[in-house]
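Within every chain, numbering begins at 1; the chains are lettered A, B, ... in the order of the sequence lines, protein sequences first and strands thereafter. Not measured: the values here are computed from a predicted model. FYI, side chains are in, hydrogens and waters are out, and symmetry mates aren't considered; it's all heavy atoms of this structure.
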Amino acid sequence: MTRSKSFRWNDGSVATLLCIGVTAFTATKGLANDTLRTAQLHGFLSQALVITDDNDFFGPSSTGAGSAEYTELGLNASLRPYPNVLLAAQVLSRRAGGEGSDAKPTLDYGVVDYQLTSSHDRTLGVQAGRFKNPFGLYNQTRDMAFTRPSILLPQSIYFDRTRSIGLAADGIGVYAEQRVPAGTLRFRSGIGQPQTGSDLEEQLFWGAQASISAAGPSVIAQLLFESDSGKFVAALSAADVNLDIDFSGQPADFGFQPWILSLQYNEDLWSVTGEYALRNQHLHGSAPRTFDATGESWYLQYERRLTPEWSWLLRYDSLVNDRQDRSGRQYERSGLGPGYSQFADDITTGVQWMPTANLMLAAEYHYIDGTGWLPTRDNANPWEASKHWNMLLLQLSLRF
Amino acid sequence: MHPSMSRQAIPALLKRTLRYALGHLLVWSMCVSQAQAQTSDDEIRVVAHPDVALQSMSRDTTRAIFAMRQRTWPDGRAIQVFVLPNRDPAHARFAKEQLNVYPHQLQLAWDRMVFSGMGQAPHRVRSLTEMHDKIATTPGALGYLERAYLDDAIQVISVE
């Protein structure tokens, strides 16, 4: 059971469930050769160099030669013990600044997937375990560089500094696919315990001492339409995440309800993608400060495939933490921090080069106005962060 | 005399004309069919293991299977999908002609399945010869071949 070994870093339930699943299948099938023949192993490795002029991003990027503390390593295995059953799990080691111990491998997903129906016009399946949240166009594979259009995903929607809140959940998910005259409709939904990483404790409440736990199951759903040739994609995603917060004995409730509208148009040599999100966040109870605000995020992105090896990207990405306080003036007046920490406008351009199918080199430049998604762990004092800053990223990625 | 002679002469003339025309038509049609055979030798056809109980599939179904979203045949058995490398010209022609998608779209669809726990990747083969052998020997196999590689060991599936 080498599988259970690789899960020891995670607390129990999902790993236990998977082990029971694997044991049950292997016991009934005696791990027949047929099952072993369906085994697949895949993985990826990315290493980036982040160079900034003023603020730090993912490590000490503004000093010396930059920060090499952005590393992603993933390894997954899958098996099909029966034609309609899939067992799949991925272990992820990721460091994005912070402590070296952050790279400790975690279970990214681990599911038993059972397809109840799979016909020429309809598919219906369930997943039990830790499943990736279907959120926007990129969330489910956000750590795998080859599925990203750029080194950093648009931070207004795929914020890395509080990433664990929407990453994956432990519970039950369902997915359905229905062919319709002009294309395919896909529905995915899940209910489960959300993840609460140390990033939330550091990031969500202005550095106030807080311990965070899931208040109950979170719910997520996505309806996606893809036209026949994949030229046109449209999706609507929504989630409801509720957390219990303990501010040194003072209980409070934190809620996060985002909606995302996604649109994409693909041609042979170019794609245009846009996503728009409204994010409601509230904190009620005995907190140092309560709030109820709706943030707004959107980006517009153009990708150009210059040759089969080279592609180029141009993107404008905008984040506002509170639509009632777009410039952050009220926030600054309340003495909570600089107004420019409440928004970020990011102009990005980048290139990707794939000399072979398994190797990618990427470079991109960001010009950013505002520190709305700048990680606090890299910049302890928000007043010391510069409003206007520049960032250059270089990344090497491998896959198998 | 005259009328009867002319009655015999006309059919003879007609026969000769017909024979001449038919002969030319035959030669011409042979040339044309040969030319067609030359241009269609590299035409891509979707093929399956002979045990697959389907002669035709819709383009939507074919696309869903090659995108790895549909895992089983109608009889419940597992589908084994085989593909050539992304940059193989035959793969690009297959993707465009039979599925109406581009190779980079297929690769992204596979990555999104494999790295999210939603599915598996197709089996890779290095050449059309290997594709032929795998399709012929793997129950439930689905792939594609140039016309010149078709024989009795595999089954052609028409995409409608």
Given heavy-atom pairs under 4.5 angstrom as the criterion, report whether the side chain, backbone, both or neither of B:Arg87 touches chain A. side chain
Name the region of A:Asp268, side chain, backbone, both or neither, that has any atom closer than 4.5 Å to a heavy atom of chain B. both
How far apart are the closest heavy atoms of A:Lys132 and B:Ser116, and which atoms are they? CG-O, 3.9 Å
Heavy-atom pairs under 4.5 Å with chain A - which of B:Arg112, B:Gln80, B:His104 has more of them than the others? B:His104
Please look at A:Leu92 and chain B and tell me whether the side chain, the backbone, both or neither of the residue comes under 4.5 angstrom of a heavy atom of that chain. neither
Do the charged groups of A:Asp143 and A:Arg163 touch, with an N to O distance under 4.0 Å? yes
Does B:Lys96 NZ have over 12 foreign heavy atoms under 6.0 Å away? yes
For the residue pair B:Asn86 / B:Arg124, report whether a side-chain donor-acceptor contact shorter than 3.5 Å exists. yes
Would B:Arg77 and B:Asp51 pass as an ion pair if we require N to O under 4.0 Å? yes
If I measure from the heavy atoms of chain A, does B:Gln107 come under 4.5 Å with its side chain, its backbone, both, or neither? side chain
Give, as side chain, backbone, both or neither, the part of B:Gln120 having an atom under 4.5 angstrom from any heavy atom of chain A. both
Checking heavy atoms, do the side chain of A:Phe131, its backbone, both or neither come under 4.5 Å from chain B? neither
Electrostatic pair A:Arg399-B:Asp111, nearest N-O below 4.0 angstrom: yes
What part of B:Phe115 gets within 4.5 angstrom of chain A, counting heavy atoms only: side chain, backbone, both, or neither? both
B:Ile65 versus chain A, heavy atoms under 4.5 Å apart: side chain, backbone, both or neither? neither
Does a salt bridge link A:Arg186 with A:Glu226, judged by any charged N lying under 4.0 Å from a carboxylate O? yes
Applying a strict 4.5 Å limit to non-hydrogen atoms, the region of B:Met57 in contact with chain A is neither
Tested for side-chain contact (heavy atoms from CB on, under 4.5 Å) against B:Tyr144, the lone hit among B:Phe66, B:Tyr149, B:Phe82 is B:Phe66
Sort B:Ala121 into side chain, backbone, both or neither according to what part of it lies under 4.5 angstrom from a heavy atom of chain A. both
Contact part of A:Thr356 toward chain B, heavy-atom cut-off under 4.5 Å: side chain, backbone, both or neither? backbone
If one checks every heavy atom of A:Ser271 against chain B at 4.5 Å, the contacting part turns out to be neither
For chain A, find which of B:Leu99, B:Val101, B:Thr72 contributes the most heavy-atom pairs closer than 4.5 angstrom. B:Thr72
Hey, which of A:Gln127, A:Arg305, A:Arg188, A:Lys231 has the most heavy atom pairs under 4.5 Å with chain B? A:Arg305
Apply ring pair (Phe, Tyr, Trp, His ring centres under 6.0 Å) to A:Phe146 and list each qualifying residue two or more places apart in sequence or on a separate chain. none
Quick one: side chains of residues 150-160 of chain B, donor-acceptor pairs under 3.5 Å with protein atoms, not counting sequence neighbours, listed by atom name and distance.
{"residue": "B:Asp151", "atom": "OD1", "partner": "B:His132", "partner atom": "NE2", "Å": "2.9"}
{"residue": "B:Asp151", "atom": "OD1", "partner": "B:Ala153", "partner atom": "N", "Å": "2.9"}
{"residue": "B:Asp151", "atom": "OD2", "partner": "B:His132", "partner atom": "NE2", "Å": "2.8"}
{"residue": "B:Gln155", "atom": "NE2", "partner": "B:His49", "partner atom": "O", "Å": "3.3"}
{"residue": "B:Gln155", "atom": "NE2", "partner": "B:Val52", "partner atom": "O", "Å": "2.8"}

Where does A:Ser229 contact chain B at under 4.5 Å (heavy atoms): side chain, backbone, both or neither? both
